[in-house]
Amino acid sequence: MAVEEQGIEAVWPEGPRLKQALAERDNRMRFVREVKEGKLLLHAHTRASLLDHLKAQGYADTPSSLASLLEMSASLFTSDGIAQVEAERDRANEELSRSRGAAADAARRAVRAQVEAVEGRKQRLEAEVREMEEGKAAVERSAAEVEEVVKAKVGKVLDAINAREGELAGVVQRVATTKKTQIGEKQEDIEHMTKCVAEVLSSVDAALNMSDPYDLLDASSGLSGRVDTLLRSAGEGGLSATESSLELELDLTKQLQAIACIAFAP
């Protein structure tokens with residue numbers, strides 16, 4: 001079977017029948033010609049040997065072709081009969097060719113339709129791919145833009161945090177410096193107060209050792225004023241008036257006042 005016939009076989013259902021009819025017409029035309037030309041001597045064969053001889057000579061072995069050759073009318077071996085057989089063979093060949101051509105056209109149309117369908121599908125797929133690529137590019141651009149926005153915002157936040165950290169560090173530094181200064185000043189106040197308390201205690205000891213009541217009274221009055229001054233200085237310096245040294249000084253002053261009262265009692 002030819003390649004072309006293999007391609008149109010699916011759309012050419014009449015092909016096998018027409019080819020068989022043409023093969024039978026070929027057998028009939030060849031048979032009458034060989035008999036007329038003396039190439040085939042019928043009287044030299046039996047029926048069986050004649051069938052074997054025809055097969056060996058390449059006659060188409062169709063279901064009824066070879067047997068029907070032996071049943072042909074004698075009139076077909078005449079000139080008119082041979083022309084009739086040839087005309088029948090030509091008509092079968094023309095019918096086969098015409099049918100094959102129509103089937104080939106139908107096959108080409110079917111193939112063309114398939115090609116167009118495949119091409120259409122290809123174009124749709126290409127369009128879908130382009131759309132997907134464009135969408136991907138748009139997403140990538142959007143992602144890049146979002147990333148830039150996020151980076152910018154994060155950068156601003158970090159800058160603000162760094163600035164705030166700098167401000168806080170400055171505040172901490174100033175507070176630490178102020179605190180250190182205040183501690184130093186209070187330390188100086190405490191040292192001054194300690195010195196004053198020591199002087200007052202020394203005066204108290206001296207007053208207690210006085211034997212003259214009038215001298216003791218004068219010393220007690222002076223010590224009371226010194227104690228008041230000392231307490232005011234402590235309050236202005238931020239020191240508590242309940243410091244142990246000041247309480248001691250206050251108690252001693254009270255003792256001196258009590259001694260004076262006893263000494264000058266009537």
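Remember, predicted model here, so these are calculated numbers, not experimental data. Heads up: numbering here begins at 1 and tracks the sequence.
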Quiz prompt | Donor-acceptor pair, side chain of S99 and main chain of L96, under 3.5 angstrom | solution = no
Quiz item: If you measure from CG on L66 to CG on L50, what distance do you get to the nearest 0.5 Å?
Solution: 9.0 Å
Quiz prompt | Residues S79, K36; criterion side-chain contact (heavy atoms from CB on, under 4.5 Å); working and verdict | solution = CA-CA 9 Å; S79 297; K36 178 182 177 181; 3.9 Å; yes
Quiz item: Salt bridge or not for R47 and E71, using N-O below 4.0 Å?
Solution: yes
Quiz item: CD/E145 to CD/E140 distance, rounded to the nearest 0.5 angstrom?
Solution: 12.0 Å
Quiz prompt | Presence of salt bridge, E34 and R30, under 4.0 angstrom | solution = yes
Practice problem: Output, in order, the C-alpha distance, side-chain angles, deciding distance and verdict of side-chain contact (heavy atoms from CB on, under 4.5 Å) for K153 and V149. | Solution: CA-CA 6 Å; K153 290 185 177 180; V149 172; 3.8 Å; yes
Quiz item: Is the shortest side-chain N to carboxylate O distance from E86 to R25 below 4.0 Å?
Solution: no
Exercise. I would like to know whether E88 and R28 meet side-chain contact (heavy atoms from CB on, under 4.5 Å); could you show each step before the answer?
Key: CA-CA 10 Å; E88 292 175 353; R28 287 164 62 88; 3.8 Å; yes
Quiz item: Any donor and acceptor pair, going by atom type alone, linking the side chain of T181 with main-chain N or O of T177 inside 3.5 Å?
Solution: yes
Quiz item: Atom CZ of R100 and atom CG of L18: how far apart are they, to the nearest 0.5 Å?
Solution: 9.0 Å
Quiz item: Can you tell me if S203 uses its side chain to pair, donor with acceptor, with the backbone of E199 under 3.5 Å?
Solution: yes
Quiz item: Got a salt bridge between E147 and K151, using NZ or NE/NH1/NH2 to carboxylate O under 4.0 Å?
Solution: yes
Quiz prompt | Inter-residue atom distance E119.CD - E126.CD, 0.5 Å rounding | solution = 7.0 Å
Quiz prompt | Pairwise distance CZ(R164) to CG(D159) - rounded to 0.5 angstrom | solution = 15.5 Å
Exercise. Indicate the atoms forming the closest heavy-atom contact of L22 with R89, along with that distance.
Key: CD1-O, 3.8 Å
Quiz item: Between atom CD of E95 and atom CD of E14, what is the distance when rounded to the nearest 0.5 Å?
Solution: 7.5 Å
Quiz item: Is a donor on one side and an acceptor on the other found under 3.5 Å between the side chain of N27 and the backbone of A60?
Solution: yes
Quiz prompt | Side-chain heavy-atom pair L69, Y59 within 4.5 angstrom cut-off | solution = yes
Self-check item: salt_bridge(E94, R91) N-O dist < 4.0 Å
Solution: no
Practice problem: Could you tell me whether a side-chain N or O of N162 sits under 3.5 Å from a main-chain N or O of L158, the two making a donor and an acceptor? | Solution: yes
Quiz item: Does a side-chain heavy-atom distance below 4.5 Å link L51 with L70?
Solution: yes
Quiz prompt | Heavy atoms of other groups near E191 CD, more than 12 under 6.0 Å | solution = yes
Quiz item: After noting the C-alpha distance and the side-chain angles of T46 and S49, does the key distance pass the side chain to side chain donor-acceptor pair (under 3.5 Å) rule?
Solution: CA-CA 5 Å; T46 64; S49 67; 3.0 Å; yes
Quiz item: So do L40 and F31 actually touch side chain to side chain, heavy atoms under 4.5 Å?
Solution: yes
Quiz item: Are the side chain of S73 and the backbone of L76 linked by a donor-acceptor contact shorter than 3.5 Å?
Solution: no
